[in-house]
Amino acid sequence: MTTDAMDYKEIEITPQSAALGAVISGVNLSKEPNECAMAELKDAFSRYSVIFFRDQDLTPPQQITLAKCWGAINVNRFFKPLDGYPQIAQVIKEASQKENIGGTWHTDHSYDQIPAMGSMLYAREVPAVGGDTLFSSMYLAYEALSEDMKNRLTDLKAWHSSRHAFGYSVTDSEHYEDGRLDNPDQATQDALHPVVITHPLTGRKALYVNADFTVRFDGWTVEQSQPILDLLYAHGARQEFTCRFHWEPDSMAFWDNRATWHYAMNDYPGSRRIMHRITLEGVALN
Ligand code: SIN
């Protein structure tokens with residue numbers, strides 16, 4: 001994170017850790033931000049990689065309007081949408097469920113040829129305790145690698161897939177009873193991306209593999225790839241790269257999928273958690 005913060009006029013920033021993440025106050029997201037506020041929000045998004053808001057009272061159409069200020073919406077193929085709003089995917093854990101969605105370090109949609117730019121998650125119902133989300137900076141993860149490892153990874157590409165997460169092999173899992181669409185025909189995307197990307201907004205290098213969707217390095221078998229992928233997954237989860245966000249009803253997080261991983265804590269058995277997620281289209285990565 002750089003320290004030469006823009007002199008913000010419309011928004012106030014409270015960083016969440018030394019690594020990434022900032023709570024933003026001074027904006028009411030139910031109204032379209034003015035030009036100055038939007039420029040400041042975009043700057044904060046680039047600078048902090050994940051921005052958080054509290055006490056935002058938004059209807060579904062207002063969340064959709066807000067999302068469109070950032071770009072085109074990617075309609076999710078795997079999560080049940082909110083009734084009447086296909087643009088809003090529901091991330092639900094019912095009180096009776098054991099598994100949660102997003103309970104491993106990952107980045108959304110890396111299995112798409114053009115992976116999602118960002119995800120906007122809005123808390124509708126949260127447990128009395130627990131249910132936080134952790135974020136990790138893939139800029140810092142890359143920068144902390146040894147020069148030798150950076151050199152080894154520089155020209156590598158990796159395959160990412162949705163098949164093992166949403167395809168036929170998991171259609172009988174608990175996810176298909178609560179929260180996810182039974183849509184395995186849509187889980188056919190395999191995509192090849194550089195292991196180290198140059199971020200399209202900031203120009204910084206970031207590590208771009210994740211434990212949920214990356215399956216192997218291009219030209220390598222799964223068995224050959226896994227030990228190095230496991231090493232990178234352990235490295236990327238180091239605490240000094242992370243921040244933690246505690247949700248309250250009406251909190252919102254908006255994260256950059258090209259610069260972060262996230263991890264939804266599953267530490268609230270017997271409680272319900274309902275989130276509304278909108279995912280924004282990105283650009284090809286290189
Ligand atoms: C997700 O992985 O997109 C959901 C994260 C969360 O529910 O905290």
Side-chain angles (χ1 to χ4, degrees), residues 1 11 13 16 19-24 27 29 32-33 37-53 56 58 60 62-79 81 85-91 101-102 105-123 133-141 160 162 191 193 197-204 206-208 210 212-213 236 241-243 245 247 251-264 275-286:
M1 197 185 302
I11 64 173
I13 299 278
Q16 289 301 281
L20 79 169
V23 173
I24 295 189
V27 279
L29 297 178
E32 254 185 76
M38 199 62 217
E40 292 182 359
L41 290 171
K42 286 188 170 168
D43 185 82
F45 183 72
S46 287
R47 193 175 297 278
Y48 294 96
S49 301
V50 51
I51 50 180
F52 306 106
F53 304 86
Q56 299 293 331
L58 297 182
Q62 285 169 333
Q63 190 186 355
I64 291 168
T65 301
L66 175 70
K68 284 181 176 166
C69 294
W70 294 83
I73 293 175
N74 172 298
V75 176
N76 194 282
R77 302 183 292 280
F78 303 121
F79 297 160
Y85 300 99
Q87 304 94 329
I88 300 182
Q90 295 194 88
V91 178
I101 289 174
W105 282 112
H106 67 285
T107 187
D108 297 332
H109 290 232
S110 70
Y111 47 78
D112 284 336
Q113 304 290 338
I114 309 280
M117 174 268 265
S119 301
M120 185 178 277
L121 194 67
Y122 181 41
T133 305
L134 316 182
F135 295 87
S136 187
S137 167
M138 291 302 104
Y139 294 135
L140 296 188
H160 299 242
S162 60
H193 302 299
I197 59 165
T198 300
H199 192 282
L201 287 179
T202 63
R204 290 175 73 183
L207 189 61
Y208 195 74
N210 71 91
D212 258 8
F213 302 122
F241 308 149
T242 68
C243 74
F245 186 62
W247 296 94
S251 298
M252 177 173 286
F254 181 38
W255 62 85
D256 186 327
N257 279 306
R258 294 84 50 97
T260 62
W261 287 345
H262 57 282
Y263 183 120
M275 317 292 272
H276 288 177
R277 197 180 88 182
I278 296 183
T279 305
L280 278 302
E281 297 280 14
V283 295
L285 296 176
N286 46 52

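Basis for what follows: all heavy atoms, side chains included, without hydrogens, waters or symmetry-related copies.
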### Task
For the residue pair N210 and W105, establish whether any side-chain heavy-atom pair is separated by less than 4.5 Å.
no
### Summary
Minimal heavy-atom distance between C243 and Q16, with the atoms involved, is CB-CB, 4.2 Å
### Message
According to salt bridge (Lys or Arg N to Asp or Glu O under 4.0 Å), does anything in residues 62-71 pair up with another residue at least two apart or in another chain? List the pairs.
### Response
none
### Query
Are side-chain heavy atoms of W70 and L41 found at a separation under 4.5 Å?
yes
### Query
CG of L66 to CG of L29: how many Å apart, nearest 0.5 Å?
5.0 Å
### Task
Report the distance from atom NE2 of H262 to atom OG1 of T133, rounding to the nearest 0.5 Å.
7.5 Å
### Query
Quick one: does S110's side chain get under 4.5 Å of Y208's, heavy atoms only?
yes
### Message
Using 0.5 Å steps for rounding, measure from the CD atom of Q63 to the OH atom of Y85.
### Response
11.0 Å
### Task
To the nearest 0.5 Å, tell me how far H106 NE2 sits from F213 CZ.
6.0 Å
### Message
Show the nearest heavy-atom pair for residues C69 and K42, with the distance to one decimal.
### Response
O-NZ, 3.9 Å
### Message
If you compare all heavy atoms of M38 against all heavy atoms of P33, which two are closest, and at what distance to 0.1 Å?
### Response
SD-CG, 3.9 Å
### Query
Which residue pairs satisfy the salt bridge (Lys or Arg N to Asp or Glu O under 4.0 Å) criterion with at least one member in residues 110-120, sequence neighbours excluded?
R77-D112
### Query
Between N286 and I197, is a side chain to side chain contact (heavy atoms under 4.5 Å, CB included) present by the stated rule, with each step listed?
CA-CA 5 Å; N286 46 52; I197 59 165; over 6 Å; no
Donor-acceptor contacts under 3.5 Å from residues 276-285 side chains, at least two apart:
{"unit_1": "R277", "atom_1": "NE", "unit_2": "T279", "atom_2": "OG1", "d": "3.4"}
{"unit_1": "R277", "atom_1": "NH1", "unit_2": "D108", "atom_2": "OD1", "d": "3.4"}
{"unit_1": "R277", "atom_1": "NH1", "unit_2": "D108", "atom_2": "OD2", "d": "3.3"}
{"unit_1": "E281", "atom_1": "OE1", "unit_2": "N74", "atom_2": "ND2", "d": "3.4"}

### Query
How many angstroms lie between CG in L58 and OG1 in T65, if you round to the nearest 0.5 Å?
9.5 Å
### Query
Which atom names give the shortest non-hydrogen contact between P86 and P81, and what distance separates them?
CA-CB, 3.9 Å
### Heavy-atom closest pair, residues F79 and A89
CB-CB, 3.8 Å
### Query
Between V50 and F254, is any pair of side-chain heavy atoms under 4.5 Å apart?
no
### Task
Under the side chain to side chain contact (heavy atoms under 4.5 Å, CB included) rule, what do S137 and W261 come out as? Steps first, then yes or no, please.
CA-CA 7 Å; S137 167; W261 287 345; over 6 Å; no
### Query
Stepwise, does the side chain to side chain contact (heavy atoms under 4.5 Å, CB included) test hold for Y139 with L207?
CA-CA 7 Å; Y139 294 135; L207 189 61; over 6 Å; no
### Message
Whether the side chain of S136 engages the backbone of T242 through a donor-acceptor N/O pair (distance < 3.5 Å, no angle test) should be reported.
### Response
no
### Summary
The reported gap from CZ in R258 to NE2 in H199 (rounded to nearest 0.5 angstrom) is 4.0 Å
### Message
Do H160 and H193 pair up side chain to side chain, a donor and an acceptor below 3.5 Å, judged on atom types alone?
### Response
no
## Note on the structure
From the list L121, I51, T107, side-chain contact (heavy atoms from CB on, under 4.5 Å) with W255 holds only for L121
### Query
Is Q87 reaching over with its side chain to a backbone N or O of I64, donor-acceptor style, under 3.5 angstrom?
no
### Query
Do S49 and D256 have a side chain donor and acceptor closer than 3.5 Å?
no
### Query
Among W247, Y122, F135, which one satisfies ring-ring contact (aromatic ring centres under 6.0 Å, His included) with F52?
F135
